[in-house]
Q: 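I'd like to ask some things about the structure below.
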Amino acid sequence: MSDFKRYTVTSALPYANGPVHIGHLAGVYIPADIYVRYLRGKGKDVVFIGGSDEHGVPITIKARNEGITPQDVVDKYHGIIKKSFGEFGISFDVYSRTTSETHHKTASEFFKKLHAEGKFIEKTSEQYYDEEAKQFLADRYIMGTCPHCNNEEAYGDQCEKCGTSLSPLDLINPKSTLSGSKPVKKETKHWYLPLDKDEEFLKQWILEDHKEWKPNVYGQCKSWLDSGLHPRAVSRDLSWGVPVPVEGADGKVLYVWFDAPIGYISNTIEWAAAKGKDWKPYWQDKESKLVHFIGKDNIVFHCIIFPSMLKAHGDYILPDNVPGNEFLNLENDKISTSKNWAVWLHEYLVDFPEKQDVLRYVLAANMPESKDNDFTWKDFQARNNNELVAIFGNFVNRSAVLTQKYYDGKVPALGELSNYDKETITELESIKGKIEKSLETFRFREALKEAMALARLGNKYLADTEPWKVVKIDTVRVETIMNISLQITANLSIAFEPFLPFTTEKIRTILNIDKFNWEQLGATDLLPAGHVVAKPFLLFDKIEDAEIEAQMNKLLESKKLNEAKNSVATPAKAEMTFDDFTKLDIRTGTILEAEKVPKTKKLLKLLVDTGIDKRTVVSGIAESYKAEDIIGKKVSILLNLAPRKIKGIESQGMILMAENHNGELGFISNEKDFNSGSVIS
RNA sequence: GCCGAGGUAGCUCAGCUGGUUAGAGCGCAGGAUUCAUAAUCCUGAGGUCGGCGGUUCAAGCCCGCCUCUCGGUACCA
């Protein structure tokens with residue numbers, strides 16, 4: 001690893017349609033920041049790139065809903081996000097945005113080069129066009145009736161009621177949400193990146209040459225590669241984004257996934273220009289190590305699509321590693337922006353001012369490295385009180401207070417070493433290598449634990465040497481003990497620099513010293529005899545139960561609000577006539593047989609006695625009912641529905657079900673237990 | 001269903017190419033100690049390594065089947 005001349009470290013670009021929360025921090029920015037701070041401490045040439053992803057349809061929708069421009073939306077959130085990262089000490093060399101001039105230029109040129117060299121395929125397809133608004137409609141801008149559940153407010157990409165993913169062309173009675181008019185089908189041309197052509201290359205590069213990637217990342221890539229890659233559109237009909245820079249592409253922009261990763265390059269260019277440096281070696285020299293820190297939702301883009309783009313361009317190096325983390329849950333539930341189930345960074349600092357490092361510590365110690373992890377406030381409190389306060393803060397305080405007490409703050413001289421001193425120093429020296437090994441293999445939790453071992457070592461050293469006793473009989477011996485204790489404290493300021501930068505700054509204040517570099521970690525001559533240290537203060541404070549309860553209550557409030565929101569009944573459907581209703585032939589029926597349809601999760605194949613006949617019905621209820629439990633059940637069945645084949649079985653009717661907001665299903669049955677075939681009206 | 005990742009002490013996790021009594025931190029119990037934010041230090045209890053079968057002199061690690069959790073994908077007339 002030390003062979004690389006320079007390092008280019010990127011962290012996923014957060015989408016600028018909301019603030020950032022602890023999940024973002026734990027999954028991407030804390031690990032990236034730890035890694036980068038470590039490299040800088042070693043004196044490496046490293047650039048740490050961040051920025052906001054500001055294009056794409058969701059931002060335009062948010063803007064429309066709030067009656068402001070997309071630019072207003074991204075300005076607002078870019079500001080909030082950038083500020084949060086700054087406050088938490090995420091030490092980007094540059095934090096820019098994809099709406100910047102530099103980025104538009106860089107992304108355009110990237111596209112132009114690939115286009116000129118024939119790296120894209122062009123395809124024409126039919127898409128919906130709004131003649132009033134004079135533009136093609138993104139999937140999300142089209143609403144209509146879901147062909148599956150008849151929800152009249154399904155979007156062009158998905159019906160939120162039944163969860164089915166849709167194509168706009170599937171919708172019945174499509175409507176443009178821009179003008180309300182009925183959209184028309186119109187031909188449009190788009191450019192595609194032929195990922196399939198890189199399949200063999202990617203297989204070799206990832207599956208053979210990068211077996212060291214994390215199992216979750218490697219496995220996900222393998223899954224994609226094994227199932228075969230397909231050409232992917234790189235442009236969209238939309239007005240918000242980087243315009244497609246070729247003739248006749250009016251009203252078309254680069255698709256966000258194509259534009260966003262180029263943002264890493266653009267932001268590097270911006271940084272280099274400001275520093276008067278050349279950006280190219282960071283992206284084009286084989287002796288540079290490129291590392292992408294991401295969450296698991298971004299694996300395919302960073303491991304397959306972006307590398308394929310870089311390769312097509314030809315000038316670029318490919319990532320050396322893509323440490324992708326899993327997700328962080330909050331109190332046993334998925335973090336959700338829309339449900340406000342999150343700990344927002346800007347709110348955290350209002351409730352816990354100056355406690356950035358506590359959160360950095362807890363998130364680093366509990367990082368979702370190998371599987372989804374859970375953040376709980378109780379754990380947060382325990383780690384603060386039992387680890388940061390009791391082990392780390394306490395040791396620094398002990399050695400500082402004793403130094404004041406015995407020597408008026410002057411570092412005593414190191415005298416003759418006992419065997420135990422030597423053992424302790426050996427232990428101290430060994431920690432550097434352990435932390436390095438962990439960091440270089442992206443095991444951040446483990447690295448943090450190794451750093452904590454240093455504070456534990458300090459506490460143990462004091463407990464075993466007992467300077468407060470020895471001082472009464474052998475003052476010379478105590479000088480050596482305190483010197484070693486202070487050297488350990490100084491070492492803590494180095495070891496924790498990547499993890500807890502605010503705390504190490506405080507230690508330096510207490511010790512009255514400047515910053516050391518990483519290579520000095522393990523040294524026992526960091527503080528010369530006679531050096532005067534400052535008056536000590538506490539590094540960490542206990543967090544009381546009441547503060548934790550307040551946070552729990554805050555979350556419970558969100559939960560209650562959500563439940564209230566969910567229990568509101570969906571709006572009434574459009575009026576219809578009685579004649580329409582009488583067309584429905586609904587009967588009571590009895591389930592005679594039931595079995596799971598093979599190779600499906602939700603489907604049961606039922607044989608139903610309708611009073612008229614016995615017919616087969618396929619029903620998506622397997623998640624609510626077990627086949628063997630519903631035999632003999634009385635149900636309501638819609639008989640005169642056109643038959644339809646599902647998974648090769650002809651379904652001749654539909655069982656009526658009630659569904660609550662959790663998606664649980666229940667049969668509609670007659671309370672008087674009528675015979676099968678009774679008419680329901 | 002298919003693909004991927006997981007299921008190891010009460011909790012959060014290590015366990016690298018299979019090798020002696022399965023580890024760490026927190027929590028818990030007992031003891032020591034008082035310089036320190038009742039903090040610290042020592043000792044200890046606690047695990048049929050998701051289940052069943054197999055390969056092997058030897059398996060938490062390899063193979064097969066099953067099961068549960070998370071993610072992707074298919075599926076709900």
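Per chain, numbering begins at 1; letters A, B, ... match sequence-line order.
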Q: Need the pair for B:C57. Rule: Watson-Crick or G-U wobble, both distances under 3.5 Å, any strand; none if unpaired.
A: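 Partner of B:C57: B:G19.
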Q: Ignoring backbone atoms, test whether A:Lys449 places a side-chain nitrogen or oxygen under 4.0 Å from the OP1 or OP2 oxygen of B:C26.
A: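 Checking A:Lys449 against B:C26: no side-chain N or O falls below 4.0 Å of OP1 or OP2.
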Q: Taking the nucleotide of RNA chain B with the nearest heavy atom to each, does A:Tyr406 or A:Arg456 sit closer to the 5' end?
A: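 That would be A:Arg456.
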Q: If you look at every strand shown and take non-hydrogen atoms under 4.0 Å, does A:Ile299 touch a base, only sugar-phosphate, or nothing?
A: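 Nothing, no nucleic acid heavy atom in range.
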Q: Contact class for A:Glu369 vs. all strands (heavy atom < 4.0 Å): base, sugar-phosphate, or nothing?
A: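 Nothing: the residue A:Glu369, judged by heavy atoms under 4.0 Å, touches no strand.
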Q: So A:Ala390, base contact, sugar-phosphate only, or nothing? Heavy-atom distance under 4.0 Å.
A: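 Sugar-phosphate contact only - A:Ala390 comes under 4.0 Å of backbone atoms but never of a base.
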Q: Can you tell me if A:Asn483 and A:Thr480 form a side-chain donor-acceptor pair at under 3.5 Å?
A: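 No, no side-chain donor-acceptor contact under 3.5 Å.
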Q: Going by distance alone, is a donor N or O of one side chain under 3.5 Å from an acceptor N or O of the other, for A:Asn216 and A:Lys371?
A: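 Looking only at side-chain atoms, A:Lys371 and A:Asn216 do not form any donor-acceptor pair under 3.5 Å.
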Q: Say whether A:Glu387 and A:Tyr361, considering side chains only, have a donor N or O and an acceptor N or O under 3.5 Å apart.
A: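 Yes, side-chain donor-acceptor contact under 3.5 Å.
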Q: Salt-bridged, A:Lys296 to A:Asp372, with N to O below 4.0 Å?
A: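 Counted as a salt bridge, because a side-chain N and a carboxylate O are separated by less than 4.0 Å.
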Q: Looking only at atom P, what distance separates B:U8 and B:A14, rounded to whole Å?
A: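 One P to the other, the span is 10 Å.
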Q: Which listed nucleotide (B:C35, B:A14, B:G71) is nearest to the side chain of A:Lys334?
A: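 My answer, after comparing the listed nucleotides, is B:G71.
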Q: For B:A14, take OP1 and OP2 only and decide whether either is under 4.0 Å from a side-chain N or O of A:Ser370.
A: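 Checking B:A14 against A:Ser370, a side-chain N or O does come within under 4.0 Å of OP1 or OP2.
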Q: Does a salt bridge link A:Asp408 with A:Lys410, judged by any charged N lying under 4.0 Å from a carboxylate O?
A: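 Looking at A:Asp408 and A:Lys410, the cut-off is not met.
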Q: Return the nucleotide paired to B:G1: Watson-Crick means purine N1 to pyrimidine N3 with N6-O4 or O6-N4, wobble means G-U with N1-O2 and O6-N3, both under 3.5 Å.
A: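 Here B:G1 is engaged in a pair, and the nucleotide opposite it is B:U73.
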Q: Taking only side-chain N and O atoms of A:Lys460, does any of them lie within less than 4.0 angstrom of OP1 or OP2 on B:C42?
A: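 Checking B:C42 against A:Lys460, a side-chain N or O does come within under 4.0 Å of OP1 or OP2.
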Q: Does A:Arg443 make a side-chain N or O approach to OP1 or OP2 of B:G15 shorter than 4.0 Å?
A: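 Yes, within the criterion.
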Q: CG of A:Leu225 versus P of B:G72: gap in Å, rounded?
A: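 Spelled out: CG on A:Leu225 to P on B:G72 is 19 Å.
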Q: Heavy atoms under 4.0 Å, any strand shown: does A:Glu326 hit a base, just sugar-phosphate, or nothing?
A: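 The residue A:Glu326 makes no contact with any strand.
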Q: Does A:Lys542 have a side-chain nitrogen or oxygen under 4.0 Å from the phosphate oxygens OP1 or OP2 of B:A39?
A: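 Checking B:A39 against A:Lys542, a side-chain N or O does come within under 4.0 Å of OP1 or OP2.
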Q: Does OP1 or OP2 of B:U40 have a side-chain N or O of A:Arg398 closer than 4.0 Å?
A: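 For B:U40, OP1/OP2 do not have a side-chain N/O of A:Arg398 under 4.0 Å.
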Q: Can you tell me if A:Asn397 touches the phosphate of B:A39, counting only side-chain N or O atoms and a distance under 4.0 Å to OP1 or OP2?
A: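 No, A:Asn397 has no side-chain N/O under 4.0 Å of OP1/OP2 on B:A39.
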